[in-house]
2 protein chains.
Amino acid sequence: MSNDNYDEGMSLRMALLGLLTVSGPSSGYDLTKLFERSVNHVWQARHSQIYPELNKMAAGGLVVIEEEGPRGRKTYAVTEEGSRLLREWLLSAGPSRSIRDELALRAFLLPTLEPEEAVIALRDAARICEAKLAELEEIWRTKTQAGKGNFGRYALDLGMRQTRMFRDWARETAEEIERSIRS
Amino acid sequence: MSNDNYDEGMSLRMALLGLLTVSGPSSGYDLTKLFERSVNHVWQARHSQIYPELNKMAAGGLVVIEEEGPRGRKTYAVTEEGSRLLREWLLSAGPSRSIRDELALRAFLLPTLEPEEAVIALRDAARICEAKLAELEEIWRTKTQAGKGNFGRYALDLGMRQTRMFRDWARETAEEIERSIRS
DNA sequence: CTGATCATGTAATATGTTACATGATTGA
DNA sequence: TCAATCATGTAACATATTACATGATCAG
């Protein structure tokens, strides 16, 4: 039951399987923090969503409780079946774009503002990106020093590219609008 | 009640206010189609979500039923209050990135595959981007020809940049993995 | 012994998808 | 007349956020 032929919402499940695959057996608590530090740039999930999902996954045989630790800590590990499911999902491409990007939506609605105000909002956005980028670059430095493998590195690279791209768009669009104000 | 101090989920509301602002008074049916043809690239909503939301918005005084037409058709228009709310939302920046991007998530999880398979999936992703890019560029051409104003144009530009960025990332990452396979 | 962090969960509510349901109008 | 499209809605379910709730362990 739950989600077997319901392809949406598979994402959280896959994200968890992926994190478990790479980081090895982990608790829901670990996974919550891993989520925040890694996948978070493209997908969010809180502990209140992660814990029940792990229970469902365990019930479905995608993961097993490998060990029980100190304060009720449960360490999960991916099973053969979980591994197979993740692999299949990753290889089944499909041009299915399920995107929800609030920042892009804001961008989309920007032209409903007066040009002067749109410029202010765009400069704001660019400034936020700049800060974000500095943060990501700092992580990049610490990450490439320690030989922590490539997981997260590709995604981090993607995150930095994305942030740069958005910053540039915001700047250039602001300039374009300013030009059109003056003319 | 409903969502007043609940900042998530404000997005659908804002998208509808934005579309109404730009396209003028429209019905739920119109808005559903407008959604599909425009905002859809960054945010999705079905009619089953749009109709109830419009009713809530009308109850909250953000829109009014301006006219009732042929088959129960109701034409909504933005009120002063709705207009003000949209403007405030757009000007309240905040580094709040609420993103759910399935494609990026897949990318993130790629390193869990065998290198050879990851390369295949990356090439696949790049190919999909290429197709999407061609599609967006076609829209760009028809849009910049007809003087339909700047609505959608900034967002379309952003969409194209995003797609290009992702395609390049996929390609370059594929190449990097291939190099590491050979060594 | 005390505050920070580890660790797991549930409840209430909001958001989003699929499927179901109905009927009017238009154009061929 | 009949198929396509216009037009609105609800019901059941899945997904996600916020807040509530509890207690163990560790470091100073």
Side-chain angles (χ1 to χ4, degrees), chain A residues 1-16 25-37 39-40 42-60 63 65-76 96-102 105, chain B residues 1-16 25-36 39-40 42-60 63 65 67-76 96-102 105:
Chain A
M1 29 234 63
S2 75
N3 44 19
D4 278 348
N5 47 7
Y6 188 59
D7 207 37
E8 302 290 327
M10 217 57 189
S11 304
L12 173 61
R13 196 162 278 205
M14 295 310 144
L16 292 172
S26 318
S27 67
Y29 186 83
D30 295 337
L31 286 165
T32 302
K33 281 192 305 170
L34 268 173
F35 227 99
E36 268 162 28
R37 295 200 322 259
V39 204
N40 201 250
V42 292
W43 204 275
Q44 295 93 52
R46 308 286 144 89
H47 80 271
S48 58
Q49 203 185 351
I50 290 172
Y51 287 123
E53 185 64 27
L54 284 170
N55 283 327
K56 277 190 231 163
M57 288 162 75
V63 295
I65 297 173
E66 210 207 31
E67 187 191 324
E68 308 215 19
R71 332 140 233 228
R73 177 189 171 92
K74 289 185 268 182
T75 309
Y76 293 91
S96 66
R97 51 212 152 82
S98 169
I99 306 184
R100 277 199 154 71
D101 189 334
E102 199 192 288
L105 178 62
Chain B
M1 30 232 62
S2 74
N3 43 18
D4 279 348
N5 48 7
Y6 187 57
D7 207 38
E8 302 290 329
M10 217 55 188
S11 304
L12 173 61
R13 195 161 280 206
M14 296 307 145
L16 292 173
S26 319
S27 69
Y29 187 82
D30 296 336
L31 286 166
T32 302
K33 283 192 305 172
L34 268 173
F35 226 100
E36 268 163 27
V39 204
N40 202 250
V42 293
W43 204 273
Q44 295 93 51
R46 315 266 184 247
H47 80 272
S48 58
Q49 203 185 350
I50 290 172
Y51 286 123
E53 185 65 26
L54 283 170
N55 283 326
K56 275 190 234 161
M57 288 162 76
V63 294
I65 297 174
E67 187 192 325
E68 308 216 19
R71 332 142 230 229
R73 177 189 170 90
K74 289 185 267 182
T75 308
Y76 294 91
S96 67
R97 333 183 65 220
S98 169
I99 305 183
R100 279 200 151 72
D101 188 334
E102 200 192 287
L105 177 62

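To find a chain, count down the sequence lines: A is the first, B the second, and so on, and within it residues start at 1.
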Excluding sequence neighbours, so at least two apart, what forms side chain to side chain donor-acceptor pair (under 3.5 Å) with A:Arg73?
-> A:Ser27, A:Asp30
With B:Arg71 via side chain to side chain donor-acceptor pair (under 3.5 Å) - residues at least two apart | none
Taking only side-chain N and O atoms of [X], does any of them lie within less than 4.0 angstrom of OP1 or OP2 on [N]?
X: A:Gln49; N: D:dT15; value: no
X: A:Arg46; N: D:dT15; value: no
X: A:Tyr51; N: C:dT8; value: yes
X: B:Arg71; N: D:dT8; value: no
X: A:Arg73; N: C:dA7; value: yes

Checking all strands, does A:Ser48 fall into the base, sugar-phosphate, or nothing category for heavy-atom contacts under 4.0 angstrom?
-> base
Between atom CD1 of B:Ile99 and atom CD of A:Glu102, what is the distance when rounded to the nearest 0.5 Å?
-> 9.5 Å
Quick one: NZ on A:Lys74 to CG on A:Asn55, what's the gap to the nearest 0.5 Å?
-> 5.0 Å
For A:Glu67, which residues count as a side-chain contact (heavy atoms from CB on, under 4.5 Å) partner, sequence neighbours excluded?
-> A:Thr75
Set of residues satisfying side-chain contact (heavy atoms from CB on, under 4.5 Å) with respect to A:Asn40, sequence neighbours excluded = A:Gln44
Between [atom2] of [N] and [atom1] of [X], the distance in whole Å:
X: A:Met10; N: D:dA14; atom1: CE; atom2: P; value: 13 Å
X: B:Glu68; N: C:dT25; atom1: CD; atom2: P; value: 14 Å
X: A:His47; N: C:dT10; atom1: NE2; atom2: C1'; value: 9 Å
X: A:Gln44; N: C:dA14; atom1: CD; atom2: P; value: 20 Å
X: A:Lys56; N: C:dT8; atom1: NZ; atom2: P; value: 17 Å
X: A:Ile50; N: D:dT18; atom1: CD1; atom2: C1'; value: 15 Å
X: B:Glu67; N: D:dA7; atom1: CD; atom2: P; value: 11 Å
X: B:Lys33; N: D:dT5; atom1: NZ; atom2: C1'; value: 9 Å

Closest nucleotide of DNA chain D for B:Asn55 versus for B:Tyr29: which of these residues is on the 5' side?
-> B:Tyr29
Rounding to the nearest 10°, end axes of the helix from C:dC1-D:dG28 to C:dA28-D:dT1 built from five pairs each make an angle of 20°
Tell me which nucleotide among C:dT18, D:dT25, C:dT10 gets nearest to the side chain of A:Pro70.
-> D:dT25
Which residues share a ring-ring contact (aromatic ring centres under 6.0 Å, His included) with A:Tyr51, sequence neighbours left out | A:His47
